[in-house]
Amino acid sequence: MQIEEKAPHDTPFEWIGGEEPVRRLVDRFYDLMDLEPGYAELRASHGSTLDDARQKLFWFLCGWLGGPDHYVERFGHPRLRMRHMPFSIGILERDQWVACMDQAMAETEVPEALRTRLKGSFMQTADWMRNKGV
């Protein structure tokens, strides 16, 4: 019988180190989206400014990772799929989002085991958000 190793903290939010590291992660994610040509289609789907999206993702991730529910307190249930329906999200956008987040996690030094765990969860969520075939 194999014993599964317990995560070093009760929640991913605690594991990542709280709000400050989540803020750094979100900021790096949007900075990369703005800077890297490989994320051009993803960036184009966000309009002229990233400020609103940057803040909302920070609020959302805090709660999603098991920390304070800043997003829910402000907007209610996230309803991710419904809120993203106005945007064209296909395989390319999904893959760019996950790659950009994975790069941001690497560059902000999210622990490798947590990064692997989160990347799988991010891929599942991003795939569920797709609203076009390709």
task = Check side chain to side chain donor-acceptor pair (under 3.5 Å) between T49 and all other residues, then give those that pass, not counting sequence neighbours.
result = D51
message = According to a hydrophobic-cluster definition based on side-chain heavy atoms being under 4.5 Å apart (Ile, Leu, Val, Met, Phe, Trp, Tyr only), do L42 and M85 belong together?
response = no
note = Taking every heavy atom of L32 against every heavy atom of Q103, the minimum-distance pair comes out as CD2-NE2, 3.3 Å
ask   = Which atoms form the tightest heavy-atom contact between H84 and N131, and what is the distance?
value = O-ND2, 3.6 Å
inquiry  = Regarding D31 and R54, does a basic nitrogen lie under 4.0 Å from an acidic carboxylate oxygen?
reply    = yes
message = Does E14 have more than 12 heavy atoms from other residues, nucleotides or ligands lying within 6.0 Å of its CD?
response = yes
inquiry  = Between T108 and P21, is there a side-chain heavy-atom distance shorter than 4.5 Å?
reply    = no
request  = Over all heavy atoms of both residues, which pair between V22 and F58 is shortest? Give the atoms and the distance, please.
outcome  = CG1-CD1, 3.8 Å
note = SG (C62) and CG (D69) are apart, to the nearest 0.5 Å, by 9.5 Å
Non-hydrogen atoms of S88 and K132 that approach each other most closely = OG-CD, 3.0 Å
query = Does one hydrophobic cluster hold both F13 and V72, with members joined at side-chain heavy-atom distances below 4.5 Å?
reply = no
For the student: nearest non-hydrogen atoms of R115 and V110, plus distance = N-CG1, 3.8 Å
Hphob cluster co-occupancy, L80 + V26, side-chain heavy atoms under 4.5 angstrom = yes
query = Would you call E93 and R130 a salt bridge, using N to O less than 4.0 angstrom?
reply = no
ask   = Is it true that R23 and E19 have a side-chain N and a carboxylate O under 4.0 angstrom from each other?
value = no
query = Is E73 atom CD crowded by more than 12 heavy atoms from other residues, nucleotides or ligands, each under 6.0 Å away?
reply = yes
task = Identify the two heavy atoms, one from Y30 and one from L50, that lie closest to each other, and give their separation to 0.1 Å.
result = O-CD1, 3.6 Å
Sequence neighbours left out, cut at 3.5 Å: what donor-acceptor pairs do the side chains of residues 119-126 make with other protein atoms?
| unit_1 | atom_1 | unit_2 | atom_2 | d |
| --- | --- | --- | --- | --- |
| S121 | OG | R117 | O | 3.4 |
| T125 | OG1 | S121 | O | 3.1 |

ask   = Are any non-hydrogen side-chain atoms of L65 and L118 less than 4.5 angstrom apart?
value = yes
task = Apply ring pair (Phe, Tyr, Trp, His ring centres under 6.0 Å) to the pair Y39 and W97, showing each step before the final yes or no.
result = CA-CA 8 Å; Y39 306 132; W97 196 99; over 10 Å; no
Set of residues satisfying ring-ring contact (aromatic ring centres under 6.0 Å, His included) with respect to Y71, sequence neighbours excluded = F75
